[in-house]
Amino acid sequence: MDDVLVMRGVTRDYPVGGAFSRKKTLRALRGIDLSVGRGRTLGLVGESGCGKSTLAKVLLGIEEATSGTVLVDGRKIESYDRVERARLIQPVFQDPYSSLNPRMTVEAIIASPLEVRGEGSRASRRARVRELAGEVGLPQHLVSAYPSQLSGGQRQRVAIARALIGEPKILICDEPTSALDVSVQSQILNLLHRLKQELNLTMILISHNLAVVHHLADEVAVMYLGQIVERGDSEAIFERAHHPYTSALLKAVLPPRPGSRLPELGLEAEFPSPLAPPPGCPFHPRCPNADGTTCREVDPPQSGTDHLYRCHHPDHVAPATQAAALTD
Ligand SMILES: Nc1ncnc2c1ncn2[C@@H]1O[C@H](COP(=O)(O)OP(=O)(O)OP(=O)(O)O)[C@@H](O)[C@H]1O
Ligand SMILES: [Mg+2]
């Protein structure tokens with residue numbers, strides 16, 4: 001397959017601590033292998049702090065990988081300059097309140113990527129902004145408004161239009177609906193769904209919540225403590241999770257409330273500190289199926305061919321009957 005995004009063995013370390021405490025290293029990404037095919041949407045899910053945004057930032061070139069390789073459209077990410085990268089890959093962030101400049105009109109915000117590159121005449125940019133506003137469902141009269149005059153959903157439509165004006169091939173959406181009212185969340189997800197099909201976009205959709213990615217993602221990757229612990233076609237994951245963490249996430253999305261924070265996972269312990277990941281399987285302190293030896297001592301390697309997982313006892317994972325409930 002034609003993979004547009006490829007990560008091989010990617011790690012990202014952050015130095016933490018400082019003047020008054022001992023310096024430590026926090027490994028936010030721990031050996032990520034990932035690829036996304038052209039025109040495909042990957043849903044990336046996991047609890048707060050598991051490394052989703054770090055992964056997005058490394059792909060966007062905002063953060064550098066500490067080790068490993070990142071290929072975007074066949075080339076190493078570091079070989080692109082900023083302008084080239086922006087042409088190819090664009091982000092949509094969580095908070096449309098802080099991501100839009102309050103002193104710029106909607107028109108100027110949406111047109112800004114073209115203006116930075118000096119592309120097109122003023123008149124042609126204006127026409128394109130109006131056209132795009134229509135495509136993302138933003139009323140034309142709001143084009144001359146300021147962000148403070150818009151609702152959250154409208155702001156997110158502006159952010160999406162700004163991301164799309166330069167016709168990127170790849171869109172990375174980091175929790176694009178979690179700052180929005182529940183009633184607006186599905187509208188934005190539907191919009192992304194339509195745009196992805198119309199524009200043949202390759203997309204990464206990041207969320208806490210499996211329900212959010214369910215209808216949009218062709219494939220799902222589940223992250224835990226900087227690793228991808230399960231990865232496969234969306235249908236396969238929803239029908240039969242191979243990792244107990246995925247299973248817990250599936251249960252937690254009932255009833256489906258796209259964009260909501262993850263409710264209690266019903267797991268024993270808390271999310272462990274990424275500064276001191278548990279030995280053995282990093283999930284074992286919270287796992288209902290963990291055994292006393294292997295799981296405690298041996299980090300499970302990646303198993304499977306198309307449907308990949310890191311678990312010593314995948315057969316113990318309860319069939320995800322939740323998948324049926326999800327579609328109710
Ligand atoms: N600049 C930074 N310096 C130090 N630690 C960082 C930095 N950025 C992220 N981290 C740490 O890296 C880990 C992963 O963070 P990241 O923001 O990628 O998680 P996330 O999955 O996006 O979480 P959330 O769902 O809350 O957005 C966390 O433990 C976080 O505290
Ligand atoms: Mg994040």
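Numbering of ligands and ligand atoms starts at 1, following listing order.
- For ligand 1, one of its N or O atoms has an N or O atom of K52 under 3.5 Å away.
- Counting heavy atoms of neighbouring residues, nucleotides and ligands inside a 6.0 Å radius, atom CG of D306 does not exceed 12 of them.
- Looking at P274 against ligand 1, only its side chain comes within 4.0 Å, counting heavy atoms.
- Using a distance-only test at 3.5 Å, with no hydrogens or angles considered, a donor-acceptor pair links the side chain of R157 to the main chain of V136.
- Residue V83 belongs to no hydrophobic cluster, having no ILVMFWY side-chain heavy atom closer than 4.5 Å to its own.
- Excluding waters, the protein N/O/S atoms found under 2.8 Å from the Mg ion (ligand 2) are S53 OG.
- Heavy-atom proximity to atom 18 (O) of ligand 1, evaluated over T54, V16, T25, D13, is greatest for T54.
- For the pair R8 and D33, the salt-bridge criterion is not met [side-chain N within less than 4.0 Å of a carboxylate O].
- Using a 4.5 Å cut-off between side-chain heavy atoms of Ile, Leu, Val, Met, Phe, Trp and Tyr, V16 falls into a hydrophobic cluster with Y14, L26, L275.
- Listed by atom number, the atoms of ligand 1 under 4.0 Å from A28 heavy atoms are 12 (O), 13 (C).
- The N/O atoms of L26, backbone and side chain alike, include none that comes under 3.5 Å of an N/O atom in ligand 1.
- Listed by first then second residue, pairs satisfying side-chain hydrogen bond (donor to acceptor under 3.5 Å, both in side chains) with a partner in residues 132-152 read S151-Q154, not counting sequence neighbours.
- Note: an N/O pair closer than 3.5 Å links C50 and ligand 1 by distance alone.
- Between the side chain of D81 and the backbone N or O of E84 there is at least one donor-acceptor pair closer than 3.5 Å.
- The residue among P15, G49, S53, A56 with a heavy atom at the shortest distance from atom 13 (C) of ligand 1 is G49.
- Using cut-offs of 30° and 60° on the angle between ring planes, the pair H214 and F238 is tilted.
- Considering backbone and side-chain atoms alike, K57 places every N or O at 3.5 Å or more from each N or O of ligand 1.
- We find that R128 and E107 are not joined by a salt bridge, their nearest charged nitrogen and carboxylate oxygen being 4.0 Å or further apart.
- Crowding of E131 atom CD: a count of heavy atoms from other residues, nucleotides or ligands under 6.0 Å exceeding 12.
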From CA spacing to verdict: ring-ring contact (aromatic ring centres under 6.0 Å, His included), H243, Y224: CA-CA 11 Å; H243 197 287; Y224 190 77; 7.4 Å; no

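- At a heavy-atom distance under 4.0 Å, no atom of D174 approaches ligand 1.
- Proximity of H208 to ligand 1, defined as any heavy-atom pair under 4.0 Å, is confined to the side chain (atoms from C-beta onward).
- When non-hydrogen atoms are compared, ligand 1 lies under 4.0 Å from neither the backbone nor the side chain of I206.
- In summary, the aromatic rings of H193 and H215 are positioned with their centroids too far apart to meet the 6.0 Å limit.
- The shortest N or O to N or O distance between G51 and ligand 1 is under 3.5 Å.
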